[in-house]
Structures are given as C-alpha cells and as structure tokens.
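Report on one structure; see the data block that follows.
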Amino acid sequence: MRLLAVAHGAFMVATGMWPLASMKSFQAVTGPKADLWLVKTVGCLLTLVGLHSVLAARTGDVESRRTGLLAFGVSSALASISFFYSVRGRISKIYLLDTLMQTTWALLWLRELMKPPEDDAKTKPLF
C-alpha cells in the first residue's frame with residue numbers, strides 16, 4: 001500500500017502542479033480553459049492530496065486506510081467528471097486518457113482497500 005500511495009501521490013503532485021507551473025503548456029495539451037482560477041484551484045487541491053499520500057506512506061499512516069479511501073474517492077470523482085464531460089464535448093477528448101489513468105488508480109486503491117489489514121487478518125475488509 002505504501003508503494004501505491006507514493007506512486008499515486010507523486011502523480012497527483014505532478015499533474016496538480018502542471019497548470020500552476022505552466023498554464024500555457026497545460027492548455028496546449030488539454031485545450032483552452034475559460035476559468036483559469038478553477039484550473040489553479042483544482043491543481044492546488046490535487047497537489048495537497050498528493051502530498052498527503054506521499055507523507056502518509058513515509059510515516060506509515062497509509063496503513064490506517066483513510067489515505068486509500070481519500071485517494072480512491074479523488075480518482076473516482078476525477079474519472080467520472082473527465083469521462084462525462086469529454087464524451088459530451090464540453091472538454092477535450094484528451095481527458096479520456098485522464099479517465100483511463102484515474103480509473104486505473106481507483107481500481108488499484110480498491111484492490112488494496114478490499115484486503116484485510118496486515119496487522120489483523122481477522123479484520124473485515126473496508127468494503
């Protein structure tokens with residue numbers, strides 16, 4: 001679970017920081033945006049959630065499973081939004097790639113969350 005938290009956390013930090021570091025390159029790939037403040041807000045939130053995942057893995061807090069539940073929820077929400085609005089033509093079709101990535105992260109987290117905790121094999125899975 002720690003490796004997943006670090007990998008996914010780093011991915012969220014990188015994708016969250018991208019529009020903050022270079023809105024021009026972000027829009028070149030993802031298409032023009034009407035509300036840049038909203039893009040920056042989402043970027044900040046993704047960066048914070050990503051940092052949380054990385055730090056939780058480093059300190060061992062990821063074993064509490066709350067980090068996994070947060071990461072699963074964020075990826076599921078992003079996948080849903082990316083899919084819904086890209087197939088409707090509201091956002092660029094490149095977001096279908098984001099749908100694939102976010103769905104993959106969500107499924108990886110779901111797999112981990114379904115496992116019983118390592119410290120007590122008798123404990124029920126989270127779902």
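Residues: numbered from 1 along the sequence shown.
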Problem set entry | Exceeds 12 heavy-atom contacts within 6.0 angstrom, atom NZ of Lys33 | yes
Exercise. Would a distance-only check, ignoring hydrogens and angles, find a side-chain to backbone donor-acceptor pair under 3.5 Å from Ser25 to Ser22?
Worked result: yes
Exercise. Is the shortest heavy-atom distance from the side chain of Arg58 to the side chain of Val6 under 4.5 Å?
Worked result: no
Seminar exercise, completed: Distance col, row Leu20:CG vs Thr47:OG1, nearest 0.5 angstrom, shows 5.5 Å
Exercise. So do Arg65 and Glu112 actually touch side chain to side chain, heavy atoms under 4.5 Å?
Worked result: no
For this session: Return the minimal non-hydrogen interatomic distance between Ser82 and Ile91, and the atom names on each side.
Result: O-CD1, 3.9 Å
Exercise. Is Leu97 reachable from Val42 through a run of hydrophobic residues whose side-chain heavy atoms are each under 4.5 Å from the next?
Worked result: no
Exercise. Does Lys24 NZ have over 12 foreign heavy atoms under 6.0 Å away?
Worked result: no
Exercise. Can you list the steps and then say if Ile94 with Asp98 is a side-chain contact (heavy atoms from CB on, under 4.5 Å)?
Worked result: CA-CA 7 Å; Ile94 193 72; Asp98 185 58; over 6 Å; no
Exercise. What distance separates Tyr85 OH from Leu96 CG, expressed to the nearest 0.5 Å?
Worked result: 14.5 Å
Problem set entry | Flag if over 12 foreign heavy atoms under 6.0 Å of CG, Leu3 | no
For this session: Spell out, yes or no, whether Met114 and Leu108 are grouped together once hydrophobic residues are joined by side-chain heavy atoms under 4.5 Å, including indirect joins.
Result: yes
Problem set entry | Whether over 12 other heavy atoms sit under 6.0 Å from Phe11 CZ | yes
Problem set entry | side-chain contact (heavy atoms from CB on, under 4.5 Å) evaluation trace for Leu45 with Val74 | CA-CA 10 Å; Leu45 292 172; Val74 167; over 6 Å; no
For this session: Fit a plane to each ring of Trp18 and Phe26, take the angle between them on a 0 to 90° scale, and name the class: parallel (under 30°), tilted (30 to 60°) or perpendicular (over 60°).
Result: perpendicular
Exercise. When rounded to the nearest 0.5 angstrom, what is the spacing between CH2 in Trp105 and OG in Ser53?
Worked result: 10.0 Å
Exercise. Atom OG in Ser76, atom CG in Leu110: separation rounded to 0.5 Å?
Worked result: 8.0 Å
Problem set entry | Atom pair OG (Ser86) and OH (Tyr95), whose distance is rounded to the nearest 0.5 Å | 10.0 Å
Exercise. To the nearest 0.5 Å, how far apart are CE in Met101 and CG in Leu78?
Worked result: 12.0 Å
Problem set entry | Neighbour count >12 (heavy atoms, 6.0 Å) for atom CE, Met17 | no
Exercise. Which one of His8, Met1, Arg2, His52 satisfies the side chain to side chain contact (heavy atoms under 4.5 Å, CB included) criterion with Thr67?
Worked result: His52
For this session: Would you check if the side chain of Ser64 reaches a backbone N or O of Asp61 as a donor-acceptor pair within less than 3.5 Å?
Result: yes
Problem set entry | Ala71 to Trp109 - nearest heavy-atom pair and separation | CB-NE1, 3.3 Å
For this session: Begin with the C-alpha distance, continue with both residues' side-chain angles, and end with the deciding distance and a verdict on side-chain contact (heavy atoms from CB on, under 4.5 Å) for Phe83 and Thr103.
Result: CA-CA 10 Å; Phe83 179 77; Thr103 300; over 6 Å; no
Problem set entry | Any side-chain heavy-atom pair of Val39 and Pro19 under 4.5 Å | yes
For this session: Flag yes if Phe72 and Val62 sit in one hydrophobic cluster, no otherwise; membership is Ile, Leu, Val, Met, Phe, Trp, Tyr, and two members link when side-chain heavy atoms are under 4.5 Å apart.
Result: yes
For this session: Could you tell me whether the side chain of Leu69 reaches within less than 4.5 Å of the side chain of Arg66, counting heavy atoms only?
Result: no
